[in-house]
There are 2 protein chains.
Amino acid sequence: MKSDASTSRPAMDIDLAEMGRRLRALREERGISLSELARRAGIGKATLSGLETGVRNPTLETLWAVTAELAVPITALLPRWGEPTLRGASVQATLLEAFDEESATYELYRLTFPAGTEQTSPPHPPGTTEHLTVFAGTLRAGPVDAPRTLGPGGHLSWRADVPHRYQVVGADDVQASLLMRYPRSSRATDSGVQPSRAPGRSAR
Amino acid sequence: MKSDASTSRPAMDIDLAEMGRRLRALREERGISLSELARRAGIGKATLSGLETGVRNPTLETLWAVTAELAVPITALLPRWGEPTLRGASVQATLLEAFDEESATYELYRLTFPAGTEQTSPPHPPGTTEHLTVFAGTLRAGPVDAPRTLGPGGHLSWRADVPHRYQVVGADDVQASLLMRYPRSSRATDSGVQPSRAPGRSAR
DNA sequence: CCACTTCGTTCCATATCCGGAACGTTCCGG
DNA sequence: CCGGAACGTTCCGGATATGGAACGAAGTGG
């Protein structure tokens with residue numbers, strides 16, 4: 001980052017103030033004072049204070065010490081899990097995991113389609129397949145010429161190297177997971193899902 | 001931190017070297033150079049180099065920039081995802097997400113079955129269903145009287161209120177995700193996995 | 001009413017993290 | 001062979017995160 005050389009304070013993509021609020025909330029839930037937490041975590045009060053007020057960009061070590069003492073995963077302070085990232089118009093996609101195997105790359109997403117969503121995706125690299133599982137709501141999805149309708153628990157796979165569509169049926173939002181499989185070496189040009197600016201920053 | 005006052009370099013609870021190795025692996029999987037990644041992420045080559053060799057304790061901002069560019073959650077670099085929790089004998093299960101819907105509770109796990117694993121699970125509460133997706137390796141799974149064999153990308157669902165089995169086929173470990181669906185009110189006493197502890201420090 | 005304690009913030013010297021530049025390698029193409 | 005380009009590491013001045021100490025503000029007990 002450091003995109004903007006004019007601001008002395010770096011244009012952080014993470015909302016430090018929000019992170020600070022979460023941290024303070026966590027601490028207060030446990031009913032311990034700032035001084036106490038700082039002491040237990042082995043960091044300076046000044047550091048913790050700065051962290052909670054969102055004026056510091058902590059070191060991994062510092063963050064670790066604090067979250068460890070609070071017994072929460074570091075992600076508890078971050079934007080939101082894997083941080084939802086926009087994809088297409090309204091669909092929210094969160095990358096949960098990515099695996100790189102010998103012959104293919106896998107990316108597991110959690111998706112939310114707001115009611116009314118109707119989106120068509122351009123083809124992905126050759127050989128790419130999508131494996132969709134619906135948790136809640138009803139979704140009509142698949143290749144544009146052979147879509148199927150899925151209710152909660154429904155599952156569908158298709159080749160994603162042709163145009164395909166997602167269309168919410170009914171008035172409820174749709175919650176789903178999507179496993180994308182990119183055969184090795186086709187992911188290269190990353191023409192597809194744009195795995196998402198993962199953690200989710202705000203452009204740059 | 002700073003538990004050890006004698007070492008000038010603070011006794012970090014995170015294994016920076018290990019984190020660096022993971023980072024480098026992620027970068028190389030994508031086939032891009034250190035210089036290139038540094039440029040894309042908007043950080044200095046020196047910084048990235050230091051990170052990958054494990055000699056730097058990065059700022060949250062730096063870490064964010066890199067993981068964002070790699071499109072992985074920050075946790076991909078940390079000790080171990082959501083902290084694996086033992087379940088059964090050798091199978092490792094990590095709870096990725098849990099959803100509470102009106103009519104059911106969903107739990108999404110990432111599973112690792114070491115080669116040779118063969119495990120039979122007792123019945124879950126009535127109405128429970130399991131939805132398994134294999135990422136790597138070959139797994140024979142399902143109700144004990146009607147198992148099926150799944151390769152990478154394979155998917156299978158079954159009612160889990162009867163005894164069912166997981167059996168690794170071949171010499172490779174199996175990576176998979178498992179979606180458990182507990183119809184409302186039957187989930188009762190959390191028969192399974194503990195959502196995982198926090199960052200997992202080294203005691204203190 | 002006043003010592004005393006604890007709280008969270010601010011000040012400050014020091015430690016160290018950051019990125020640009022310089023450097024030694026390796027890998028081509030001519 | 002020899003330039004040129006790209007790679008990853010090291011060097012270094014400048015920026016900033018860190019923790020100890022000082023500080024004012026509340027609370028507490030005598």
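All values below were derived from every heavy atom in this structure, side-chain atoms included, with hydrogens, water molecules and symmetry-related copies excluded. The chains referred to below are lettered A, B, ... by the order of the sequence lines, with proteins before strands, and numbering in each begins at 1.
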J.: Counting distance only, does the side-chain N/O of A/Thr67 pair as donor-acceptor with the main-chain N or O of A/Leu63 below 3.5 Å?
T.: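 Yes.
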
J.: If you count every heavy atom of other residues, nucleotides or ligands that lies below 6.0 Å from A/Arg24 atom CZ, does the total exceed 12?
T.: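 Counting neighbours around CZ of A/Arg24, more than 12 heavy atoms of other residues, nucleotides or ligands fall under 6.0 Å, so yes.
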
J.: Think A/Arg24 has a side-chain N or O under 4.0 angstrom from the OP1 or OP2 of C/dT9?
T.: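 True: A/Arg24 side-chain N/O within range (under 4.0 Å) of C/dT9 OP1/OP2.
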
J.: Taking N and O atoms by type only, does the side chain of B/Arg56 place a donor or acceptor under 3.5 Å from a partner on the base of C/dG19?
T.: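 Per atom types, the contact qualifies.
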
J.: Checking A/Asn57 side chain against B/Glu61 main chain: does a donor-acceptor pair fall under 3.5 Å?
T.: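 Flag set: sc A/Asn57 to bb B/Glu61 pair under 3.5 Å.
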
J.: So, OP1 or OP2 of D/dT9: does either fall under 4.0 Å of a side-chain N or O from B/Ser49?
T.: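 True: B/Ser49 side-chain N/O within range (under 4.0 Å) of D/dT9 OP1/OP2.
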
J.: With a 4.0 Å cutoff (strictly under), does any side-chain N or O of A/Ser35 reach OP1 or OP2 of C/dG8?
T.: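 Yes, such a contact exists.
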
J.: Between atom CD in A/Glu28 and atom P in C/dC7, what is the gap in whole Å?
T.: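 Rounded to whole Å, this separation is 13 Å.
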
J.: For B/Leu48 and C/dC18, what is the distance between atoms CG and P respectively, to the nearest whole Å?
T.: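 Rounded to whole Å, this separation is 11 Å.
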
J.: Measure from the side-chain N and O atoms of B/Thr59 to the backbone N and O of B/Thr62, and report whether any donor-acceptor pair falls under 3.5 Å.
T.: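 The answer is no, because no donor-acceptor pair under 3.5 Å joins these two groups.
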
J.: Which nucleotide in the set D/dG19, D/dA17, C/dC7 lies at the smallest distance from any side-chain heavy atom of A/Ile43?
T.: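 Given the options D/dG19, D/dA17, C/dC7, the side chain of A/Ile43 is closest to D/dG19.
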
J.: Taking only residues two or more places apart in sequence, or in another chain, which ones meet A/Arg21 in a salt bridge (Lys or Arg N to Asp or Glu O under 4.0 Å)?
T.: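 With sequence neighbours excluded, A/Arg21 shows a salt bridge (Lys or Arg N to Asp or Glu O under 4.0 Å) to A/Glu18, given in chain and number order.
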
J.: Would you say A/Thr59 reaches C/dT16's phosphate, i.e. side-chain N/O to OP1/OP2 under 4.0 Å?
T.: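 No.
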
J.: Distance check needed: D/dA17 P versus B/Leu63 CG, whole Å only.
T.: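 Answer to the nearest Å: 15 Å.
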
J.: Does a side-chain N or O of B/Thr62 approach OP1 or OP2 of C/dC18 to a distance below 4.0 Å, or not?
T.: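 Checking B/Thr62 against C/dC18: at least one side-chain N or O falls below 4.0 Å of OP1 or OP2.
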
J.: Between B/Leu37 (CG) and D/dC7 (P), how many Å, whole number?
T.: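 These atoms are roughly 12 Å apart.
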
J.: Name the closest nucleotide to the A/Ala46 side chain, picking from C/dG19, C/dC11, D/dT9.
T.: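 From the listed options, C/dC11 comes nearest.
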
J.: Starting at CG of A/Leu16 and ending at C1' of D/dA17, how long is that distance when rounded to a whole Å?
T.: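 From A/Leu16 CG to D/dA17 C1': 12 Å.
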
J.: When A/Ile32 is tested against each of A/Arg39, A/Glu69, A/Arg27 for side chain to side chain contact (heavy atoms under 4.5 Å, CB included), which residue passes?
T.: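 Output: one option passes, namely A/Arg27.
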
J.: Between A/Glu130 and A/Arg159, does any side-chain N to carboxylate O distance fall below 4.0 Å?
T.: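 Salt bridge flag = no for A/Arg159 with A/Glu130.
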
J.: Is the phosphate of D/dA17 approached by A/Thr47 (side-chain N or O, under 4.0 Å from OP1 or OP2)?
T.: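 No.
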
J.: Report the distance from atom CD of B/Glu61 to atom P of D/dA15, rounded to the nearest whole Å.
T.: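 After rounding, the reported distance stands at 15 Å.
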
J.: Students often mix this up, so state it plainly: with edges at 30° and 60°, are the rings of B/His155 and B/His131 parallel, tilted or perpendicular?
T.: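 Plane angle under 30°, so parallel.
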
J.: Does B/Ser33 or B/Gly50 map to a spot on DNA chain D nearer the 5' end, using the closest nucleotide for each?
T.: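 That would be B/Ser33.
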
J.: Please state how far atom CG in B/Leu60 lies from atom C1' in D/dT16, giving the value in whole angstrom units.
T.: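 Checked: the CG to C1' distance equals 15 Å.
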
J.: What integer distance in Å separates A/Arg39:CZ from D/dG20:C1'?
T.: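 About 16 Å, once rounded to whole Å.
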
J.: Identify which nucleotide among C/dT9, C/dC18, D/dT18 has an atom closest to any side-chain atom of A/Lys45, counting heavy atoms from C-beta outward.
T.: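 Within the option list, the nearest is C/dT9.
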
J.: Paired with C/dC18 by Watson-Crick or G-U wobble geometry, both distances under 3.5 Å: which nucleotide is it?
T.: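 Base partner found: D/dG13.
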
J.: Look for any protein N or O under 3.5 Å of an N or O in nucleotides 24-29 of chain D and output each such pair with its distance, or none.
T.:
none

